Trainee: 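Pasting a structure here, questions to come.
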Number of protein chains: 2
Amino acid sequence: MQSKARIKDIAEHSGVSPATVSRALNGSSLVAEPTLSRIRETARRLGYRPNVNARNLRTQRSMSVLMLVRDVGNPFYLEVFKGIEAAARDAGYVVLMGNTENDAEREAEYFNMLDDGRADGMILMTGTLPAPERLVSAASEQSVVVALEMIENSTFPHVIIDNERAAAEAVEHLISLGHRRIAHIAGPLPEEMSTRRLAGYRRAMQAAGLDMPAELVRTGDFSLKSGELQGQLLFEQSEPPTAIFAANDEMAFGAIQAMAARGLTVPEDVSVVGFDDLSLSKAFQPPLTTVSQPRIEIGRTAMLRLLDLIEQGETSQAVTVLGTELIIRGTTAPPRHN
Amino acid sequence: MQSKARIKDIAEHSGVSPATVSRALNGSSLVAEPTLSRIRETARRLGYRPNVNARNLRTQRSMSVLMLVRDVGNPFYLEVFKGIEAAARDAGYVVLMGNTENDAEREAEYFNMLDDGRADGMILMTGTLPAPERLVSAASEQSVVVALEMIENSTFPHVIIDNERAAAEAVEHLISLGHRRIAHIAGPLPEEMSTRRLAGYRRAMQAAGLDMPAELVRTGDFSLKSGELQGQLLFEQSEPPTAIFAANDEMAFGAIQAMAARGLTVPEDVSVVGFDDLSLSKAFQPPLTTVSQPRIEIGRTAMLRLLDLIEQGETSQAVTVLGTELIIRGTTAPPRHN
DNA sequence: GTGAAAGCGCTAACAG
DNA sequence: CTGTTAGCGCTTTCAC
């Protein structure tokens, strides 16, 4: 096996010009049969692989996309990645992973990679746009699809769920069980996702004519630890809640941990609803009642939209809203003293 | 702002040759001061970004690495990714994500990407090597670091933990609590990782002179579901175990789920130990006793080794064994009837 | 310290 | 259907 056969080598070995080899290998219909298979055969024999950088330089494409998240460590993203990766592969693209850790500069850097020619487009899951002065080209000129988090005033296609509605449904479930003193542990505000889930909580509470004293609405940061802390604070109050709606599963787990530490049981003493339906949530004891989102589908759809954008310059759907489902499991029950 | 300033544009704007611009921007010491800052200034003003594909073609490097796993959906990888991403970024590399789903063809394809010039090296976490006949160049000629799973008879640097020893320690813990009928739910055999953990179980049992009847050693596939199934089977026996060592946390959760379904409590009726220490494991009720591995560190170290390989052609350490720790939490206790 | 020239490997006009 | 030619944007000899 040669070390790195080039198109030129194949051309010589099969007695044609490089152009013909290129055409043959790229499935151009303009190559005659005997030539075609001869070329293919030599390519195979020589272990030929097109040099991606040369091709990219020439075609001004990279056949790769970037997926950008705030925190790779968040288990929530896993299946979204999976959906993206599968759709990308099917279309012949590779996937670059970017992690911003909420750092605006990093985020800008990744945006600028689109100008470098390193990626043809990006799936943005950070919920934010870098400041224009940090960017080489206007963000709006890039092929970007926003997933999971809505970015207001942007013209990018979005693939999202209706966070407000889903949150309201979760709270309505608690209300229908008879709970009246329902707390909410929100995600980091004023992030869009957290804001919408909070709004859903408020909407449902209001519709039922229930009180929402400030001490029942707490803010966490989606981490286990913050759920634990806020759960703790919630039960140090004179009049603790009988139910909690946490803005994600991890905080729900944290809150349950805090309650266990105080000798409270779920759902007997307190009901808890989460959001996300992590793969482990059903294995929790008791299994967590939570809002399930179609994560793989979100990833897949976002990637398909991005392909439209890259290949057609536009996409059919500006905003795609995927459905959620409240999964009622073991952490919710009627309140004790009803 | 121009659309896509090239090095030539900067050269014209600052009255020098492209060569000088290239030198200036790449920090070559051969550029005189006045020229240097003039060039830098115009580059900034024009929003210049070097075209990555052109540079890659010229330098025959891609400044990107590939990380390959069996299943992106596995929460175990998250922090390993994080460690890899951070170390890669620091060194100016970007990270491509590859998912094989145990498909040998896909795995070979990713290997071949190293020949394409798409990535300069790879962190292999699948525990397997593609068949040589599928590969364009011999695998051994590539810059590859194996992480998490040992590949026997390969010359690649490895970054691993001592699975056998860690498993033995977990089982010793159960033995020291007084358990004698200890079951093991293994991962998929004959994968290296599963095999080593099983060996650790056997070693500890043997050392304590305990029986290992075949019905106490079951094989799962690391999934929640398989843990549930095997846990179920374990308790349908006439003489069920008093303790279970599961080869990963997910299967431990599954087993606990199965026991809960039969009205058994952990750790009162049965003790359970897992392996991995997923971020959610401490929030489980009761919190899971498990073996913790330094996942971020594994990722980071693997990336550093890979950089050695790419940049120096060799690395100091052939095999790096990172330490594990048995975290004793709430799922283990002395057996009921001792 | 700077410039001219070549070429990385590929694809896409344009001719024929 | 096939070959010739040019050039993507960059870095790097080699001269001066």
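Numbered from 1 within each chain, the chains take letters A, B, ... in sequence-line order. Note that the structure is predicted; figures quoted are calculated from it, not measured.
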Trainee: Closer than 4.0 Å, any side-chain N/O of B/Thr35 to the OP1 or OP2 of C/dG1?
Mentor: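 Indeed not, no polar side-chain atom of B/Thr35 lies that close.
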Trainee: Between B/Glu297 and B/Arg300 (salt bridge meaning N to carboxylate O under 4.0 Å), is one present in this structure?
Mentor: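 Yes.
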Trainee: Answer yes or no: is there an ion pair linking B/Arg70 with B/Glu149, defined by an N-O contact shorter than 4.0 Å?
Mentor: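 Judged by the 4.0 Å cut-off on N to carboxylate O distance, B/Arg70 and B/Glu149 do form a salt bridge.
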Trainee: Tell me what A/Asn26 touches on the nucleic acid: a base, only sugar-phosphate, or nothing, going by heavy atoms under 4.0 Å.
Mentor: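 Sugar-phosphate contact only.
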Trainee: On DNA chain C, does the nearest nucleotide to A/Pro50 precede the nearest nucleotide to B/Ser17 from the 5' side, or the other way round? Give the residue.
Mentor: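 Its nucleotide being nearer the 5' end, the pick is B/Ser17.
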Trainee: For the residue pair A/Glu41 / A/Ser37, report whether a side-chain donor-acceptor contact shorter than 3.5 Å exists.
Mentor: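 No pair is found: no donor N or O on one side chain lies under 3.5 Å from an acceptor on the other.
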Trainee: Based on the rotation axes of five pairs at each end, what angle does the helix from C/dG1-D/dC16 to C/dG16-D/dC1 bend through, to 10°?
Mentor: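 Its terminal axes enclose an angle near 40°.
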Trainee: Would you mind telling me which of C/dG9, D/dC10, D/dT4 lies closest to the side-chain atoms of A/Ala19?
Mentor: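 The listed nucleotide nearest to A/Ala19's side chain is D/dT4.
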Trainee: Just checking B/Ala32: base, sugar-phosphate only, or nothing, at a heavy-atom cut-off of under 4.0 Å?
Mentor: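 The answer is sugar-phosphate, as B/Ala32 gets under 4.0 Å only of primed atoms, P, OP1 or OP2.
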Trainee: Ignoring hydrogens and angles, does a donor from either the side chain of A/Arg23 or the base of D/dG3 sit under 3.5 Å from an acceptor on the other?
Mentor: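 A donor-acceptor contact between them is present.
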Trainee: Please check if the side chain of A/Ser194 supplies one atom and the backbone of A/Pro190 the other of a donor-acceptor pair under 3.5 Å.
Mentor: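 Looks like no, no N/O pair under 3.5 Å.
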Trainee: Looking only at side-chain N and O atoms, does A/Tyr48 come under 4.0 Å of OP1 or OP2 in C/dC10?
Mentor: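 Result: yes.
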Trainee: Check every atom of C/dG7, C/dT11, C/dG3 against the side chain of B/Arg58 and return the nucleotide holding the closest atom.
Mentor: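 My answer, after comparing the listed nucleotides, is C/dG7.
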Trainee: Any salt bridge linking A/Asp9 with A/Lys4? Criterion: basic side-chain nitrogen under 4.0 Å from a carboxylate oxygen.
Mentor: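 No, this pair does not count.
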Trainee: Does the side chain of B/Gln60 get closer than 4.0 angstrom to OP1 or OP2 of D/dT11 through an N or O atom?
Mentor: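 False: B/Gln60 side-chain N/O out of range (4.0 Å or more) of D/dT11 OP1/OP2.
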Trainee: For A/Glu12, look at atom CD and say whether over 12 heavy atoms of other residues, nucleotides or ligands are found less than 6.0 Å away.
Mentor: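 Atom CD in A/Glu12 is packed in, count exceeds 12.
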Trainee: Which listed nucleotide (D/dC8, C/dC8, C/dA12) is nearest to the side chain of A/Leu57?
Mentor: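 Ranking D/dC8, C/dC8, C/dA12 by closest atom to the A/Leu57 side chain puts D/dC8 first.
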Trainee: Side-chain N or O of A/Thr59 versus OP1/OP2 of C/dT11: is the shortest distance under 4.0 Å?
Mentor: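 Result: no.
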